[in-house]
There are 2 protein chains.
Amino acid sequence: MPSPSYVLDQLDYLLLSLVQHDARRPLHELGDEVGLSPSAVQRRLNRLRQRGVIRSEVAVVEPRSVGADLMAVVLVALIDDDAEHHAAFRELMRAEPAVQQCYTIMGQWDYVVVLLASDIAENRRLSARLFVAPGTVRRYETLPAFEVVKAGLTVPLPGS
Amino acid sequence: MPSPSYVLDQLDYLLLSLVQHDARRPLHELGDEVGLSPSAVQRRLNRLRQRGVIRSEVAVVEPRSVGADLMAVVLVALIDDDAEHHAAFRELMRAEPAVQQCYTIMGQWDYVVVLLASDIAENRRLSARLFVAPGTVRRYETLPAFEVVKAGLTVPLPGS
DNA sequence: CGTGAAAGTTTGATTGT
DNA sequence: ACAATCAAACTTTCACG
């Protein structure tokens with residue numbers, strides 16, 4: 001499910017390192033940088049897309065421009081290790097647009113959630129709806145972010 | 001610096017909600033969905049790019065396909081509130097490809113860092129290099145992620 | 001904002017390595 | 001299996017109404 005085995009070569013890594021920073025560059029320009037013709041670049045990118053190495057191509061929106069001024073990291077522990085509770089909680093996280101990211105973690109907490117809200121009041125409403133109302137959360141701790149030092153989905157690539 | 005004031009209307013939000021999920025759709029297709037001509041869509045997208053509402057357009061790479069199998073959330077506290085230390089630490093985070101995200105947070109910790117590595121050994125090497133060697137970190141706690149429930153940069157938009 | 005023509009980009013068939 | 005070329009299809013761009 002992650003990705004069928006398929007060996008990437010140096011050229012693939014090079015292309016990935018370019019497009020994960022800017023997905024809008026024309027094929028001939030990428031080709032010039034890596035020493036390939038536009039259609040060879042296209043074949044590789046399509047293969048990478050098809051195999052799921054490139055998951056998607058998206059526009060990154062600046063949260064503050066659209067009124068999402070309060071980012072917070074929330075640590076969450078569920079009431080017990082019931083599989084149903086975990087499944088329900090994950091589904092809730094996936095369905096909620098205000099949840100940017102959610103990871104299952106090891107240690108005293110079960111989840112780390114990155115939550116975007118317009119302000120403290122909305123953060124409170126969201127927390128009530130996501131962490132209190134369902135009754136599956138034992139404890140949660142909100143760590144408001146006051147600066148985003150770095151935010152991206154960029155992945156470190158062999159040979160960059 | 002965040003974004004010069006500029007009021008977005010419902011059509012802008014609609015376009016953003018489309019392109020933040022798929023940046024490769026042609027202008028005429030976006031136009032059909034929102035009821036605008038291709039050039040009106042283009043004008044709006046270019047304005048959104050120029051004003052920094054759309055920060056970039058990127059390919060999202062699946063970490064596991066490129067050998068980044070271990071994601072971890074690291075909580076970090078610096079040794080004191082010296083501005084130089086904070087500046088140096090932020091710069092280190094920004095410069096390091098293995099750091100996907102880094103937020104300054106309120107509370108007992110100073111930073112939350114999302115770190116990508118190939119395995120535990122590399123995570124240890126990275127931690128040594130990023131958190132121990134510089135001598136500016138008082139304490140750090142690594143919370144290995146065992147599942148990525150959700151990961152994206154998608155922002156909640158008014159009216160979606 | 002829409003139209004439409006020109007410019008640029010992507011696609012895929014073909015051929016060669 | 002992979003790459004280059006080239007022509008057709010499609011997309012973006014931009015001047016004008």
Side-chain angles (χ1 to χ4, degrees), chain A residues 2-62 65-66 153-155 157-160, chain B residues 3-62 64-67 153-154 157-160:
Chain A
S3 75
S5 64
Y6 159 60
V7 185
L8 305 184
D9 66 14
Q10 204 53 44
L11 252 35
D12 291 316
Y13 289 130
L14 249 134
L15 287 172
L16 288 172
S17 74
L18 295 172
V19 297
Q20 78 172 339
H21 286 109
D22 184 357
R24 277 178 60 84
R25 302 183 57 188
L27 300 174
H28 70 81
E29 213 174 301
L30 299 172
D32 287 350
E33 294 223 17
V34 306
L36 237 40
S37 71
S39 30
V41 172
Q42 186 195 35
R43 233 167 324 101
R44 279 166 184 269
L45 290 179
N46 281 338
R47 191 166 52 205
L48 291 167
R49 292 192 256 254
Q50 199 203 313
R51 312 265 161 121
V53 177
I54 293 178
R55 237 217 314 234
S56 59
E57 278 142 289
V58 303
V60 180
V61 175
E62 172 66 44
S65 311
V66 295
L153 295 177
T154 310
V155 164
L157 294 169
S160 74
Chain B
S3 76
S5 64
Y6 159 59
V7 185
L8 305 186
D9 65 13
Q10 204 52 44
L11 253 38
D12 290 315
Y13 289 130
L14 251 147
L15 287 172
L16 288 173
S17 74
L18 294 173
V19 297
Q20 80 172 340
H21 286 109
D22 184 357
R24 277 176 61 82
R25 302 183 59 188
L27 300 175
H28 69 81
E29 213 174 300
L30 299 172
D32 287 349
E33 294 222 17
V34 305
L36 236 42
S37 71
S39 28
V41 172
Q42 186 194 38
R43 261 194 301 273
R44 278 166 185 270
L45 290 179
N46 282 338
R47 193 164 54 205
L48 291 166
R49 291 192 256 253
Q50 201 202 316
R51 311 269 160 115
V53 178
I54 293 176
R55 227 195 345 210
S56 57
E57 279 142 289
V58 303
V60 180
V61 175
E62 172 67 45
R64 307 175 71 166
S65 311
V66 295
L153 296 177
T154 310
L157 295 168
S160 75

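Lettering of chains follows the sequences in order, A, B, ..., and the numbering in each one begins at 1.
A distance of 9.0 Å separates CD of B:Gln10 from OG of B:Ser17, quoted to the nearest 0.5 Å. Going from atom CG of B:Leu30 over to atom OG of B:Ser37 covers 12.0 Å, rounded to the nearest 0.5 Å.
A salt bridge links B:Arg25 with B:Glu33: the closest approach of a Lys/Arg side-chain nitrogen to an acidic carboxylate oxygen falls below 4.0 angstrom. The residues A:Asp12 and A:Arg51 are annotated as not salt-bridged, no charged nitrogen and carboxylate oxygen being separated by less than 4.0 angstrom.
Protein chain A contacts DNA chain D over a range whose 5' and 3' limits, counting nucleotides with an atom under 4.0 angstrom from a non-hydrogen atom, are D:dC2 to D:dT13.
By the 4.5 Å heavy-atom criterion applied to side chains, A:Glu62 and B:Val53 are not counted as neighbours. No side-chain heavy atom of A:Val19 sits less than 4.5 Å from a side-chain heavy atom of B:Val61. For the pair B:Leu8/B:Leu48, a side-chain contact is recorded, criterion being any heavy-atom separation below 4.5 Å from C-beta on. Two residues are said to be in side-chain contact when any heavy atoms from C-beta on lie closer than 4.5 Å; A:Val60 and B:Glu57 fail this criterion. Contact annotation: the side chain of A:Leu153 never approaches that of A:Arg55 to less than 4.5 Å [non-hydrogen atoms, C-beta and beyond].
In this structure, A:Asp22 atom CG and C:dT9 atom P are separated by 13 Å, rounded to whole Å. In this structure, B:Leu15 places its CG atom 14 Å from C1' of C:dC1, rounding to the nearest Å. One atom, NE2 of A:His28, and another, P of C:dT10, lie 7 Å apart when rounded to the nearest Å.
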With sugar-phosphate taken as primed atoms, P, OP1 and OP2 and all else as base, the protein-contact string of nucleotides 11-17 of chain C at under 4.0 Å (heavy atoms; B, S, -) is BB-----
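In the helix from C:dC1-D:dG17 to C:dT17-D:dA1, the end axes, each obtained as the rotation axis mapping the C1' atoms of four pairs onto the next four within a five-pair block, lie 20° apart to the nearest 10 degrees.
The only member of A:Gln42, A:Arg49, A:Arg43 that meets side-chain contact (heavy atoms from CB on, under 4.5 Å) when paired with A:Leu45 is A:Arg49.
Two residues, B:Arg25 and A:Ala40, neighbour DNA chain D, and the one matched to the more 5' nucleotide by heavy-atom proximity is A:Ala40.
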